[in-house]
Undergrad: 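Please read through the structure below; I'll follow up with questions.
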Amino acid sequence: MSRSESRLTGEAGEGEVFIHPSAEVSSEVELGPGVYIGPFCVLKGKITVGSGTRFLSHVVIDGNTTIGKDNLFYPFSSAGLPPQDLKYRGEPSRVVIGDRNTIRESVTIHRGTEGGGMLTRIGDQNLLMANCHVAHDCHLGSRIVMANAANLAGHIIIEDGAIIGGLTGIHQFVRIGTLSMVGGMSGIPKDVPPYVWASGNRAYLYGLNLEGLKRARLSPDTISLLKKAYQLLFRSSLPQKEALDRVRKEIPSGPEIDHLVEFIEKSGRGVLTAPKSSSHENHSGDN
């Protein structure tokens, strides 16, 4: 929808674009039907915004940024600004954000870099709570929750359905597996496998993320198989290769078991481990 078709004052009707008089929107910006741009927002650059997305106030969107439908941006959040990377030299990298995401106050989402594929991507239906940071070249799936002040360094992958506790810091190039849970105030230097609970500084694994698996409606049989795999992989004291071989031989194949094995095999930084002390074994109550 062109700027001439936008309503600049008053409340927009259904399907109309609303731009508050105090907002700054450059001529390059393309706005879908029903977009709301509140007071003192700034949208400047090659930006596309899908229908129904709302920028409440004081939101800054910059650079080459694509935002999907029905997203909600709270005050002082930003997306598409240059990365905090000393190697960045202004290359035309991008941010792509999907649909129905909630971006709370003071969240920052930075564009990609040449060394990371030129793209920072966020999927659908994610909740990024206040003061979260998504650095350059991160790739987030869908239905992820990042609690207040969770911070991602560059080149991080977070798979669908993961939950990141508040005040958590995640090291660059780390992967967080699907339906995993990272406890608050954790430091994550290595990959967190799918379906597990990780916590601590530096973090260890403390069993399966049982509550998350139940909410995702995994069957009791699947959860039971994941428990057996967890025991072999993280509590048997077996070398990783031998533990993976035993999982393949002793546990029936299925989407969740296969993904867990593949995730560990492809880890570049290595995966977190369970603590050696037996006093921690029942931390998550999954045994």
Side-chain angles (χ1 to χ4, degrees), residues 1 3 6 17-20 22-32 34-142 144 146 149-158 172:
M1 182 175 291
R3 292 291 304 279
S6 304
V17 171
F18 172 79
I19 303 175
H20 192 274
S22 65
E24 178 184 347
V25 181
S26 70
S27 59
E28 300 173 273
V29 177
E30 297 182 9
L31 303 175
V35 169
Y36 175 94
I37 301 176
F40 302 103
C41 291
V42 177
L43 280 71
K44 187 176 180 181
K46 190 178 179 182
I47 297 165
T48 301
V49 182
S51 62
T53 287
R54 295 172 60 84
F55 306 96
L56 295 185
S57 74
H58 299 85
V59 177
V60 176
I61 309 297
D62 190 60
N64 187 351
T65 300
T66 300
I67 299 172
K69 300 177 181 179
D70 298 318
N71 296 285
L72 179 58
F73 286 75
Y74 278 76
F76 304 104
S77 57
S78 66
L81 290 166
Q84 298 173 130
D85 187 330
L86 296 176
K87 299 184 297 299
Y88 182 72
R89 294 292 182 267
E91 53 266 25
S93 52
R94 299 187 297 145
V95 167
V96 174
I97 298 173
D99 302 332
R100 301 181 301 284
N101 295 288
T102 300
I103 312 297
R104 292 302 305 244
E105 298 85 347
S106 300
V107 168
T108 52
I109 303 167
H110 287 173
R111 70 180 78 147
T113 65
E114 187 174 9
M118 301 282 282
L119 175 65
T120 300
R121 181 186 296 276
I122 294 176
D124 304 327
Q125 295 180 269
N126 298 295
L127 170 58
L128 277 58
M129 297 186 193
N131 298 295
C132 288
H133 175 57
V134 179
H136 58 88
D137 307 296
C138 288
H139 289 248
L140 278 61
S142 298
I144 293 161
M146 290 177 59
N151 286 275
L152 309 182
H155 312 277
I156 287 169
I157 295 173
I158 302 183
Q172 62 183 353

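What you see is a predicted model; the values in this text were computed from it and never measured.
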Undergrad: In a table with atom names and distances, give each donor-acceptor pair under 3.5 Å that connects a side chain of residues 41-49 to protein atoms at least two apart or in another chain.
TA:
none

Undergrad: Considering residues at least two apart in sequence or located in another chain, which fulfil the ring-ring contact (aromatic ring centres under 6.0 Å, His included) criterion with Tyr74?
TA: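 Checked Tyr74 against ring-ring contact (aromatic ring centres under 6.0 Å, His included); zero matches.
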Undergrad: What are the two closest non-hydrogen atoms of Ser22 and Pro39, and how far apart are they?
TA: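 Residues Ser22 and Pro39, closest heavy atoms: OG-CA, 3.3 Å.
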Undergrad: Would you compute the distance between atom OG of Ser51 and atom CG of Leu31 and round it to the nearest 0.5 angstrom?
TA: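 Going from OG on Ser51 over to CG on Leu31, the span is 11.5 Å.
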Undergrad: What is the minimum heavy-atom distance between Asn131 and Asn151, and which atoms define it?
TA: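 Heavy atoms of Asn131 and Asn151 come nearest at O-OD1, 4.3 Å.
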Undergrad: Restricting to pairs with a member in residues 113-132, which pass ring pair (Phe, Tyr, Trp, His ring centres under 6.0 Å), not counting sequence neighbours?
TA: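 Those involving residues 113-132 do not exist here.
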Undergrad: Measure the CD1-OG1 distance between Ile61 and Thr65 for me, rounded to the nearest 0.5 Å.
TA: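 Nearest 0.5 Å value for the CD1-OG1 distance: 6.5 Å.
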Undergrad: How long is the straight-line distance from CG of Leu152 back to CD1 of Ile157, given to the nearest 0.5 Å?
TA: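 Nearest 0.5 Å value for the CD1-CG distance: 12.0 Å.
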Undergrad: Using ring-ring contact (aromatic ring centres under 6.0 Å, His included) as the criterion, list what pairs up with His133, not counting sequence neighbours.
TA: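 His110.
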Undergrad: Do Thr120 and Ile109 touch side chain to side chain, with heavy atoms closer than 4.5 Å?
TA: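 Thr120 vs Ile109: side chains touch.
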Undergrad: Nearest 0.5 Å, please: how far is CG in Leu119 from CZ in Arg111?
TA: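 Those atoms lie 12.5 Å apart.
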Undergrad: Does any part of the side chain of Val59, heavy atoms only, come nearer than 4.5 Å to the side chain of Ile103, both counted from C-beta?
TA: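 Side chain of Ile103 against side chain of Val59, heavy atoms only: no contact under 4.5 Å found.
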Undergrad: Where is the tightest heavy-atom contact between Ala153 and Gln172, given as atom of each residue plus distance?
TA: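 Heavy atoms of Ala153 and Gln172 come nearest at CB-N, 3.4 Å.
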Undergrad: If you apply the rule side chain to side chain contact (heavy atoms under 4.5 Å, CB included), what do you find for Phe55 with Val25, and how did you get there?
TA: CA-CA 12 Å; Phe55 306 96; Val25 181; over 6 Å; no
Undergrad: Quickly, which of Asp124, Thr53, Asn126 forms a side chain to side chain donor-acceptor pair (under 3.5 Å) with Asn101? Name it, please.
TA: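 With Asn101 as partner, side chain to side chain donor-acceptor pair (under 3.5 Å) holds for just one option, Asn126.
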Undergrad: Which atom pairs, donor and acceptor, lie under 3.5 Å between side-chain atoms of residues 90-98 and protein residues at least two apart or in another chain?
TA:
from, atom 1, to, atom 2, distance (Å)
Glu91, OE1, Arg89, N, 3.0
Glu91, OE2, Glu114, N, 3.2
Ser93, OG, Gly112, O, 2.5

Undergrad: How long is the span from the CZ atom in Phe76 to the CZ atom in Phe40, to the nearest 0.5 Å?
TA: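 It comes to 10.0 Å.
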Undergrad: Between Val107 and Phe73, is any pair of side-chain heavy atoms under 4.5 Å apart?
TA: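 Sidechains of Phe73 and Val107: no contact.
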Undergrad: Can you name the residues that form a side chain to side chain contact (heavy atoms under 4.5 Å, CB included) with Asp137, not counting sequence neighbours?
TA: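 Partners of Asp137 under the side chain to side chain contact (heavy atoms under 4.5 Å, CB included) test: Thr113, His155.
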Undergrad: Heavy atoms only: give me the nearest Val17-Gly32 pair and the separation to one decimal.
TA: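 Smallest interatomic distance, heavy atoms only, reads CG2-O, 3.3 Å.
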Undergrad: Give, for atom CE of Met146 and atom CD1 of Ile158, the distance between the pair rounded to the nearest 0.5 Å.
TA: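 With rounding to 0.5 Å, CE (Met146) is 5.5 Å from CD1 (Ile158).
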